[in-house]
Protein chains: 2
Amino acid sequence: MISTTIENYIKAIFYLGETATNVTVSAVAERMQNSPASVSDMLRRLYEKGLIKDKNNITLTDQGSFLAKQIIRKHRLWETFLVKTLDFKWDEVHSIAEQLEHVQSSLLTERLERFLEYPETDPHGDPIPDKDGNFPDLSIIPLSESEPGKSYIFRSVATDAKDFLNHLDNKGLQLGQRWVIIEKEEFDGSVKLLVDDKNEVYLSEKVAKNLNICSGELD
Amino acid sequence: MISTTIENYIKAIFYLGETATNVTVSAVAERMQNSPASVSDMLRRLYEKGLIKDKNNITLTDQGSFLAKQIIRKHRLWETFLVKTLDFKWDEVHSIAEQLEHVQSSLLTERLERFLEYPETDPHGDPIPDKDGNFPDLSIIPLSESEPGKSYIFRSVATDAKDFLNHLDNKGLQLGQRWVIIEKEEFDGSVKLLVDDKNEVYLSEKVAKNLNICSGELD
DNA sequence: ATAAAATTTTAGACTAATCTAAATATTAAA
DNA sequence: TTTAATATTTAGATTAGTCTAAAATTTTAT
């Protein structure tokens with residue numbers, strides 16, 4: 001009934017809705033790599049299917065939002081499987097999970113979740129919604145809002161872009177590490193960290209804004 | 001480049017080619033649950049893509065055959081995963097594997113195969129081709145060609161039909177069992193077995209033709 | 001060997017998803 | 001507040017995959 005194409009639109013609208021106050025046709029077009037004309041046309045169909053509330057204010061209905069969360073749930077569970085079970089690296093899994101997220105079988109999703117022992121986050125540290133669409137509360141903040149002298153755990157990244165993840169790998173940064181903030185530069189927002197009590201790492205504000213942390217020591 | 005639809009046609013032609021001497025438009029239509037008109041049209045496209053040799057004699061090219069074996073390989077590896085790792089029953093996995101078989105990533109397939117420890121057969125006992133498309137040699141025969149008094153191992157089923165598998169479950173028949181042929185009835189081809197030295201089971205010729213065995217004791 | 005039956009192909013139409021180009025509407029600036 | 005720039009929608013086409021109905025071909029049987 002609902003095509004892979006529609007699922008991808010719903011996912012894009014959900015993600016855009018998380019950050020932007022109002023989602024626009026051109027933002028969806030940009031994200032989907034489609035023309036605005038195609039998006040405009042598709043929004044009509046999404047509206048007819050009861051997946052968005054309104055044509056002018058692009059907001060998901062409860063049904064649309066639930067669907068989005070199911071797709072995100074599947075994506076993040078498959079990413080976890082690929083990294084934990086099949087030994088993929090965290091920057092290799094995105095495009096495979098984009099395919100696996102469309103496989104339809106709620107039993108499969110539940111069995112996979114059980115096999116992975118009900119993970120709260122995926123390999124990027126992003127929270128995995130449960131089967132009712134509820135996200136676990138991780139209370140994370142961007143590194144750019146950290147306080148000097150305090151200790152944090154590196155929890156997630158705000159973007160999946162391959163070269164960004166690669167940059168982190170090169171700096172030796174990995175999820176779950178303990179980071180102590182050595183200093184923050186006021187005028188350019190750059191941050192200096194002590195990673196796992198060993199290495200000092202210097203990060204620009206641009207990078208710091210895309211790294212999410214939560215306060216506290218390691219588990 | 002090659003759609004899921006085309007992959008399904010290629011798979012259907014491969015399977016039909018295994019049993020029938022010449023594959024017909026109507027046989028493909030029957031198997032795909034499409035009209036003969038659609039099939040005829042599609043065959044033109046398959047020919048243009050170099051996947052079948054000829055329009056009149058429906059035979060896969062080397063490229064088409066390799067593609068078919070890759071899809072079958074993925075299908076059978078995923079079925080094995082679903083049963084062995086996620087505890088599905090062997091009659092529940094077919095429709096999920098039909099989706100998973102279209103996921104494109106040779107690295108994924110190889111990692112999955114490694115995780116499953118290079119299985120030779122899927123949960124139905126069907127051989128899994130390696131990454132070059134070579135099937136392992138299992139030297140199996142249909143039960144209908146067995147000899148009275150001899151001992152065999154139940155290796156595979158010739159069809160995935162849900163009600164057929166269910167019928168087998170009801171009779172207590174499972175892959176890997178040791179079957180001793182008690183007697184074969186000449187006039188109707190029916191067979192009486194001793195299963196695992198415990199139960200006597202009576203099977204019609206229709207069923208016996210769809211059960212594959214290989215000679216020998218259990219491993 | 002010809003008629004009847006079955007099979008296959010062609011013709012024309014439909015849907016989903018896309019495009020470009022043009023028209024329309026909205027937002028921002030002078 | 002009227003113009004200019006930007007954003008969105010509509011119109012008309014295209015492609016892949018499907019359909020039904022009709023035409024053409026091939027096979028089978030008398």
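Quick note on labels: first sequence line is chain A, next is B, and so on, each numbered from 1.
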> Please give, in whole Å, the distance from D:dA7 P to A:Glu30 CD?
Replying inline: 11 Å
> Between C:dA17 and A:Ser3, is there an OP1 or OP2 to side-chain N/O distance shorter than 4.0 Å?
Replying inline: yes
> Got a salt bridge between B:Glu98 and B:Lys11, using NZ or NE/NH1/NH2 to carboxylate O under 4.0 Å?
Replying inline: yes
>> Check whether A:Glu120 reaches the backbone of A:Ile128 with its side chain - one donor and one acceptor, N or O, closer than 3.5 Å.
In response: no
> Reckon B:Ser38 touches a base, only the sugar-phosphate, or nothing at all at heavy-atom distances under 4.0 Å?
Replying inline: base
>> How many whole angstroms separate atom CD of B:Glu7 from atom C1' of D:dA16?
In response: 15 Å
> What's the CG-P distance between A:Leu46 and C:dT18, to the nearest Å?
Replying inline: 11 Å
>> Does C:dA17 have its OP1 or OP2 closer than 4.0 Å to a side-chain nitrogen or oxygen of A:Arg45?
In response: yes
> Backbone N or O of B:Tyr202 within a donor-acceptor pair of the B:Lys171 side chain at under 3.5 Å?
Replying inline: yes
> For B:Ser40 and C:dT10, is the shortest distance between a side-chain N/O and OP1 or OP2 below 4.0 Å?
Replying inline: no
>> For C:dT9 and B:Arg44 - does any side-chain N or O of the residue sit under 4.0 Å from the phosphate oxygens OP1/OP2?
In response: no
>> Both B:Met32 and A:Val25 contact DNA chain D. Which one's nearest nucleotide lies toward the 5' end?
In response: A:Val25
>> What is the distance, to the nearest angstrom, from the CD1 atom on B:Ile58 to the P atom on C:dT8?
In response: 7 Å
>> Does a side-chain N or O of B:Ser26 approach OP1 or OP2 of C:dT8 to a distance below 4.0 Å, or not?
In response: yes
>> Before you tell me yes or no, could you show the steps for B:His102 and B:Asn8 under side chain to side chain donor-acceptor pair (under 3.5 Å), namely the whole-Å CA-CA distance, both residues' side-chain angles and the distance that decides it to 0.1 Å?
In response: CA-CA 9 Å; B:His102 300 293; B:Asn8 286 330; 3.0 Å; yes
> Can you check whether B:Asn34 has a side-chain N or O nearer than 4.0 Å to OP1 or OP2 of D:dG17?
Replying inline: no
> Could you give the CG-to-P distance, from B:Asn8 to D:dG17, as a whole number of Å?
Replying inline: 11 Å
> What's the CE-P distance between A:Met42 and D:dT9, to the nearest Å?
Replying inline: 14 Å
> Distance check: side-chain N/O of A:Tyr9 vs OP1/OP2 of C:dT18, anything under 4.0 Å?
Replying inline: yes
> So what does A:Ser35 hit on the nucleic acid, given a heavy-atom distance under 4.0 Å: a base, only sugar-phosphate, or nothing?
Replying inline: base
> Between B:Glu48 (CD) and D:dG17 (P), how many Å, whole number?
Replying inline: 12 Å
> In Å, rounded to the nearest 0.5 Å, how long is the span from OH of B:Tyr152 to CG of B:Leu211?
Replying inline: 13.5 Å
>> Just the rounded figure in Å: distance from P of C:dT15 to CG of A:Asp41.
In response: 14 Å
